[in-house]
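Numbering of ligands and ligand atoms starts at 1, following listing order.
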Amino acid sequence: MNDPAVELPFYYGSISRSDAEEQLKLGGMADGLFLLRKCLRSLGGYVLSLVWNLQFHHYPVEKQMNGTFCVSGGKAHCGPAELCEYYSKDADGLVCTLKKPCLRSPDTPIRPGVFDNLRDNMFREYVRQTWNLEGEAMEQAIINQAPQLEKLIATSAHEKMTWFHAKISRQESERRLYSGVQPDGKFLVRQKDDSGTFALSLMYGKTVYHYQIQLDKSGKYYMPEGTKFDTVWQLVEYLKMKPDGLVTVLRDPCVNRNNAANATPNVPAARRHGNGYTPPPQAAAMELRKNSETHLENRRPMPMDTSEFTSPYDDPEELKEKKLFLKREQLMIDEVELGSGNFGSVKKGVYKMRKKHVDVAIKVLKSENEKGVKDEMMREAEIMHQLDNPYIVRMIGLCQAESLMLVMEMASAGPLNKFLSSKKDQVSVENVVELMHQVSLGMLYLEQKNFVHRDLAARNVLLVNQHYAKISDFGLSKALGADDNYYKARSAGKWPLKWYAPECINFHKFSSKSDVWSFGVTMWEAFSYGGKPYKKMKGPEVMSFIESGSRMESPSGCPETMYTLMLDCWTLKHEERPCFAKVEERMRLFYYSISKKSPPPASPAEVAAPVID
Ligand code: ADP
Ligand code: MG
């Protein structure tokens, strides 16, 4: 999570555009003179500032969800160094190639951003409180959840800033600003209501002015007609440099005493261990759970608490013995049937590994004679073999014995639709949002790896427990080629038409975008607690229903924001439909806006009541 650009001698950190131009002037303004700086608007991004013909050109470099970097519309690169190297050989859309780095002088340190000083502590504090982890287990959790976690932490970082006064009224903000000295530019930010909007209150000429901070559909913050930012604190930092329509730039924060304590950096918890001993992840988590259970009675189970969160092969000693084909002696098959299909049945079992025994689900092929079915299962295994994500059912291996068997991790609470319809009273809407967010994380992983699922539906989302979902059933899935963004089926098969986007049915074209359509239908099933989509309609009727512009109604009790997302997943044209990177972000923002987070023990900050719109 460290800034990958710090090693570059032409990287200046969080400097403004005009500072960058100043540096380039000092550097001599030769054609191709360039420097790199941190983008002050988007998270994890940079700006490449370049001179050509005595003019400045600034190119934003975006950090994408899969961790790569690109100049808008350009090729993806694995890091800022690789990106700059590439553009030093090929202009590829820039005014010229990068010719001469504008080197940072030794007495100019890389300028840190406000968030840089806070990030590490916030990460650890968040993981410690929400997941109750410490030490190695916490580090592991941080690695597994990045970059999702980084974004989440960054979007709530304003809560730690001295100028943030949480939910106070307009009158109270004026009282606080008028108390003490009243210089121009004294300011504070307050939360307006539970919808996540904010207001800026600013002193000028001994008068307080109030501005609304707007939030657009994609989750970006802006002043009316102003520049858009990923986070509130980036907006504030920008307004310290430029008035952007305000009466004055922001200067002195009106300090919220509750937040002032947070401004002094804490020693990161990981360093406090400091004795050279780091407990193994599971043991550390268990230890903490034991300790915390006494005072956190209602703590709900988190995915990371389960053995299914990481692969059994994460243990290097088990990995040493990993083979695609498992030995029959190590597999114990129970008579209990978990489910069945035309391939055969799925049975419960235990797989004996070197150090531990793991619960498994075994897909047993019915008849060896039907070659087609066997090939299908081999293809499913081939796909699953390439996937490893906490929100996807992992394959442990294949076993060829009395019949061909596909051995998978066990998700013992079964399919999502059945679980929800039988436990309607025990599962809150927040819980459904939590599970569907996890499904979006699994789908985001598939999108990034260029796999299409083609059978995403509530019946194929399996639960490890009430708070942990995994995507399963890769029987129809395909790996796309590096240059393809869709799979073309030669002929239609036994397809789940009610889950399929129009382009699948009409043109046999399958992409991550058509999986997004199915995700929308899966959301509908989840929020209707296992309801059957499109009621009594038959497949072909559904097609004309969709093409006439109709869509399913919102399930009763479904939050408005979630229904809006479903409708966006059901955008007719796949080009205009959101991708999983967007869908996951929207699920996450909504989930965190409604989920109860326990307040930090030392901070008296208000705890917002969970609100569902
Ligand atoms: P099909 O292609 O026939 O839909 P699935 O892979 O969806 O096959 O499996 C059928 C059923 O078997 C599921 O609905 C579920 O009840 C059970 N099942 C499959 N995999 C698992 C698993 N990993 N853990 C628990 N149950 C499973
Ligand atoms: Mg299935």
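- The single protein non-hydrogen atom nearest to atom 21 (C) of ligand 1 is L462 CD1, 3.2 Å, given as residue, atom name and distance.
- Set against the non-hydrogen atoms of V393, the atoms of ligand 1 under 4.0 Å away are 23 (N).
- A 4.5 Å side-chain heavy-atom check between M405 and I333 finds at least one atom pair inside the cut-off.
- Between the side chains of E553 and W524, no donor-acceptor pair of N or O atoms lies under 3.5 Å.
- Heavy atoms from other residues, nucleotides or ligands lying under 6.0 Å from NZ of K449 number more than 12.
- Every heavy atom of F474 sits 4.0 Å or more from the atoms of ligand 1.
- When side chains are defined from C-beta on, Y445 does not count as touching F451, because their heavy atoms never get closer than 4.5 Å.
- Among all non-hydrogen protein atoms, the one lying nearest atom 3 (O) of ligand 1 is F343 CE2, 3.0 Å.
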- Message: Working note: V429 + M562, criterion side-chain contact (heavy atoms from CB on, under 4.5 Å); need CA distance, chi angles, decisive distance, verdict.
- Response: CA-CA 11 Å; V429 170; M562 292 289 94; over 6 Å; no

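- Geometrically, ligand 1 and D473 share a nitrogen or oxygen pair separated by less than 3.5 Å.
- Geometrically, ligand 1 and L338 share a nitrogen or oxygen pair separated by less than 3.5 Å.
- Of all protein N/O/S atoms, those lying under 2.8 Å from the Mg ion (ligand 2) come to 2.
- Comparing heavy-atom distances from atom 23 (N) of ligand 1 across M395, M377, R394, E409 singles out E409 as nearest.
- When hydrogens are left out, the protein atom nearest atom 12 (O) of ligand 1 is V346 CG2, 3.3 Å; that is the closest non-hydrogen contact.
- Side-chain contact between K513 and N485 is absent, with no heavy-atom pair separated by less than 4.5 Å.
- Using a 4.5 Å cut-off on side-chain heavy atoms (C-beta onward), M353 and Q330 make no contact.
- Between A411 and ligand 1, a contact under 3.5 Å exists for at least one N or O pair.
- Set against the non-hydrogen atoms of P415, the atoms of ligand 1 under 4.0 Å away are 14 (O), 16 (O).
- The aromatic rings of Y487 and F510 lie tilted to each other, with the angle between the two planes from 30° to 60°.
- Each of the following atoms of ligand 1 lies closer than 4.0 Å to a heavy atom of G341: 3 (O).
- The part of K363 lying near ligand 1 is the side chain, judged by heavy-atom distances below 4.0 Å.
- The protein non-hydrogen atom at the shortest distance from atom 11 (C) of ligand 1 is G339 CA, 4.0 Å.
- Checking only distances, S472 never comes within under 3.5 Å of ligand 1, N or O to N or O.
- Taking 4.5 Å as the limit, some side-chain heavy atom of V373 sits within range of a side-chain heavy atom of L365.
- Between Y468 and F309, the ring-plane angle classifies as tilted under the 30° and 60° cut-offs.
- Atoms of ligand 1 found under 4.0 Å from any heavy atom of N460 (numbered from 1 in listed order, with element): 7 (O).
- E503 has a carboxylate O that lies under 4.0 Å from a charged side-chain N of R577, or vice versa, which qualifies the two as a salt bridge.
- Other residues, nucleotides and ligands place more than 12 heavy atoms under 6.0 Å from the NZ atom of K322.
- In terms of polar-atom proximity, defined here as any N/O pair under 3.5 Å, E380 makes no such contact with ligand 1.
- Nearest heavy atom pair, residue E409 against residue I396, reads N-CG1, 3.9 Å.
- Aromatic ring orientation, W517 versus W570: tilted (interplanar angle from 30° to 60°).
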